[in-house]
Amino acid sequence: MAALRPSSRFTERLLARARFASPSPSPLSQRCSARFYSSSESPTPPLLQKIKADLKAAMRAKDAPRLTAIRTILSATLNASKTASPITTDAQLVTLLKKTQRASLDASAEFAAANRQDLVDKEAAQVAVYEEYISGSGVEEVSEEQLRTIVSGVVTALTSEGALAGGKARFGDVMKKLLAPGSPLDGKDVEKAQLAKIVKEVTAN
């Protein structure tokens, strides 16, 4: 006898049942999941919003130095978003801008030593763009003298609480207090390395 083969109609029914058993997600569920994901993201800092908007303007104007500077910053903020310290405030963005500006200045010095004035000029143009964003950010810069005053005040406050071992403020406790939301340094442009140096000096006395 010839082997029996299932009819094409029967095969179609089996395929239809399989599709029904494992339905693809509906457009509604996809939209809901997308909204849920986006709601957990932090809002974009105002300065970063401006930089993103300036990217389009720079592209239209074919402003090469500004384009390079903006793309460098956006790339750095994207990389930061994948770490435990994403850029969520203008103050953090200004710190990143200053770090990038210093890198450009270092590169410019190397190009100058190599007699590459063309590259020196390019770096100088990018440094000017970074400075423009830093100075126009509205983020208050704290001087070393102001930092020392603030650190001394926090150390005095912690010591007066009387809950410190040995009656002295510890480095970690002071840094935690200074970097907490609502602290005197909240929202201000502060170099953490400089702050740590001052805290060590004050707590050592």
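Bear in mind the structure is a predicted one, so any value in this text is a computation, not a measurement.
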Between Thr156 (side chain only) and Ser152 (backbone N and O only), is there a donor and an acceptor less than 3.5 Å apart?
yes
For a 4.5 angstrom cut-off between non-hydrogen side-chain atoms, does Asp121 reach Gln117?
yes
Would you say Val155 and Val142 are hydrophobically clustered, going by side-chain heavy atoms of ILVMFWY under 4.5 Å?
yes
Nearest heavy-atom approach of Gly182 to Asp186 is N-OD2, 3.0 Å
State the CZ-CG distance between Arg71 and Leu78, to the nearest 0.5 angstrom.
14.5 Å
I want to check something: taking the side chain as every heavy atom from C-beta on, are Ser137 and Asp90 in contact at a cut-off of under 4.5 Å?
no
Between Glu145 and Thr149, does any side-chain donor sit less than 3.5 Å from a side-chain acceptor?
no
Side chains of Glu201 and Arg148: does their closest heavy-atom pair fall under 4.5 Å?
yes
For a 4.5 angstrom cut-off between non-hydrogen side-chain atoms, does Thr203 reach Val151?
no
Nearest heavy-atom approach of Ile87 to Thr77 is CG1-CG2, 4.2 Å
One should read off an interatomic distance between Ile134 CD1 and Gln101 CD, to the nearest 0.5 angstrom, of 4.0 Å
Applying the salt bridge (Lys or Arg N to Asp or Glu O under 4.0 Å) criterion to Glu191, which one of Arg102, Lys99, Lys197 satisfies it?
Arg102
If you measure from CG on Leu93 to OH on Tyr133, what distance do you get to the nearest 0.5 Å?
10.0 Å
So which heavy atom on Phe171 is nearest to which on Ala196, and how close?
CE1-O, 3.5 Å
Can you tell me how far apart CG (Leu74) and CG (Leu48) are? Round to the nearest 0.5 Å.
6.5 Å
Leu179 side chain near Leu195 side chain, heavy-atom distance below 4.5 Å:
yes
Stepwise, does the side chain to side chain donor-acceptor pair (under 3.5 Å) test hold for Ser143 with Gln146?
CA-CA 5 Å; Ser143 67; Gln146 290 173 316; 3.3 Å; yes
Ignoring hydrogens and geometry, is there a side-chain-to-backbone donor-acceptor pair from Thr83 to Ala80 under 3.5 Å?
yes
Just one of Thr89, Leu47, Val94 clears the side chain to side chain contact (heavy atoms under 4.5 Å, CB included) bar with Val139, so which one?
Val94
Those residues at least two apart in sequence (or on a different chain) that pass salt bridge (charged side-chain N to carboxylate O under 4.0 Å, His left out) with Lys98 are Glu141, Asp189
Please report the shortest heavy-atom distance between Ser81 and Pro86, naming the atom on each side.
CA-CB, 3.9 Å
Check which hydrophobic residues are tied to Leu105 through side-chain heavy-atom contacts below 4.5 Å, counting indirect links as well, and list them.
Val127
Any side-chain heavy atom of Val174 sitting closer than 4.5 Å to one from Arg170?
no
Leu119 vs Glu123 side-chain heavy atoms within contact, under 4.5 Å
no
Rounded to the nearest 0.5 angstrom, the CG-NZ distance for Leu178 and Lys192 is 11.5 Å
Please determine whether a side-chain nitrogen of the Lys or Arg among Asp54 and Lys50 lies less than 4.0 Å from a carboxylate oxygen of the Asp or Glu.
yes
Same apolar cluster: Leu96 and Val190, side chain cutoff 4.5 Å:
no
Is a side-chain N or O of Lys188 found less than 3.5 angstrom from the main chain of Pro184, in a donor-acceptor match?
yes
Closer than 3.5 angstrom, by distance alone: can the side chain of Glu132 be matched with the main-chain N or O of Ala128 as a donor-acceptor pair?
no
Could you walk me through whether Asp173 and Lys176 pass the salt bridge (Lys or Arg N to Asp or Glu O under 4.0 Å) test, one step at a time?
CA-CA 5 Å; Asp173 294 329; Lys176 184 178 180 181; over 6 Å; no
Measuring from Leu97:CG to Ile73:CD1, what's the distance to the nearest 0.5 Å?
4.0 Å
Leu147 side chain reached by Gln194 side chain, heavy atoms, under 4.5 Å:
yes
